[in-house]
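Please read the structure below before turning to the comments.
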Number of protein chains: 2
Amino acid sequence: MDVGVRLQSIRKLKGLSQRELAKRAGVTNSTISMIEKNSVSPSISSLKKVLSGIPMTLVEFFSIDYEQDTPPQVVYRADELTDLSSGAVTMKLVGKAQPNRALAFLDETYPPDADTGEEMYAHEGEEAGILVEGRLELTVGSEVYILEAGDSYYFESHQPHRFRNPFDKPARLISATTPANF
Amino acid sequence: MDVGVRLQSIRKLKGLSQRELAKRAGVTNSTISMIEKNSVSPSISSLKKVLSGIPMTLVEFFSIDYEQDTPPQVVYRADELTDLSSGAVTMKLVGKAQPNRALAFLDETYPPDADTGEEMYAHEGEEAGILVEGRLELTVGSEVYILEAGDSYYFESHQPHRFRNPFDKPARLISATTPANF
DNA sequence: CGCCAGCGTTCAGTATTTTCAACAGCCTGA
DNA sequence: TCAGGCTGTTGAAAATACTGAACGCTGGCG
């Protein structure tokens, strides 16, 4: 049960710095640092505050399927994926939540009216995906695309982008992002 | 998220005093007392030590389905059970984990086609049970329930009650009695 | 190149938690 | 009734966690 590495893994998956997370959580960056280095064992209330900045519950935090020093697992069954859902969008991460992974490979489900947000995402790296089910609207830069089942995309993440499902059926998207922040 | 009440509920379900749990966990009884009174917010390592004396993992602890001020529920479906597994023995807690419940259930083999008798039982305390195999008829007060495999029950024993198996398959029941010493 | 803004780490001081020891209350048995 | 053993609680002292302000490092930009 390595609380420190666990926290760091999740923080990096969310693309947050120690200071950003600290500010959102209402603690100092020192606290985050020391927790991640396992130089302290945080109190329940502290850890709860920290996780509120992600956001994530204590149950979710301790339930994350994380392991050190295990022979690298190659094949993951459907029910072995790590749940990283945020908001209406269901996100399942392929592979363990590890601190320094290069790639975030996600199985995402967008229910009708689900939206990654009006503000356009823009971060380093590249990302690609393929729509498996339903239809989905993808905006990259000033271009707006409608993805049908089987369509796919690939672009550099510094371009502002947004996913939205204005249709009446849920859309299932398999996506990959490098590095592992989104 | 009431850590104190949650801990006290589980401790009492296990029939442990603060001092007994403290000794098993390698902490002092004061620690248990203060955690249960919510006068402190324990560190992860402390709580983990405390739970090791039960024993119980952090995931299990935070996953406990606990609620205050719930209207009395009589029948619980298979997926509503609280997992209290410890060691090799798998234990699922029937009913909400409430602070001062008087009950801990026993693993009891209920012979096929058995009947508790036509006269309705009514005694002090509380009781609960789960049907593992087959189907069973449960009468509580004037209500008659048909329990399917996986369904469970919880009620106060002063209500007259009766078990009956009018079906052609054997029914296996895991039942519990009051008080909470097991 | 210098400068700035961000990153994570470290240290001294403060705040919180844990221990140790004592306390009162409640039974039980002598 | 009193002693002994149990219960949970509470106080001061010791141990631990958290803050606030530094530090060195990195990468981008003028």
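Everything quoted here is computed from the prediction, not taken from an experiment. Hydrogens, waters and symmetry mates play no part in the numbers below; they use all other heavy atoms, side chains included. By convention in this document, chain letters (A, B, ...) are assigned in the order of the sequence lines, proteins followed by strands, and residues within each chain are numbered from 1.
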Minimum heavy-atom distance R11(A)-L21(A), with the two atoms named
CD-CD2, 3.7 Å

Of all the choices, dT9(C), dA17(D), dT19(C), which nucleotide is nearest to the side chain of S45(B) once you look at every atom?
dA17(D)

Quick one: do the S33(B) and S30(B) side chains pair a donor with an acceptor below 3.5 Å?
no

Measure from the side chain of S30(B), starting at C-beta and using heavy atoms only, and say which of dT10(C), dC20(C), dA22(D) lies closest.
dC20(C)

Minimum-distance pair of heavy atoms, taken over all atoms of N29(A) and Q18(A):
O-OE1, 4.1 Å

So S43(A), base contact, sugar-phosphate only, or nothing? Heavy-atom distance under 4.0 Å.
sugar-phosphate

Return the nearest nucleotide to the side chain of R19(A); candidates are dT19(D), dC7(C), dT18(C).
dC7(C)

Base dT9(D) to side chain N29(B), donor-acceptor N/O within 3.5 Å cut-off
yes

Does S17(A) reach a base, just sugar-phosphate, or nothing at all? Heavy atoms under 4.0 Å.
sugar-phosphate

Indicate whether OP1 or OP2 belonging to dT10(C) is found under 4.0 Å from a side-chain N or O atom of K37(A).
yes

With nearest nucleotides of DNA chain C determined for R11(A) and M34(B) from heavy-atom distances, which residue corresponds to the more 5′ nucleotide?
R11(A)

Looking at Q18(B), does any N or O in its side chain come under 4.0 Å of the phosphate oxygens OP1/OP2 on dT9(D)?
yes

Answer yes or no: does a side-chain N or O of S46(B) lie under 4.0 Å from OP1 or OP2 of dT18(C)?
yes

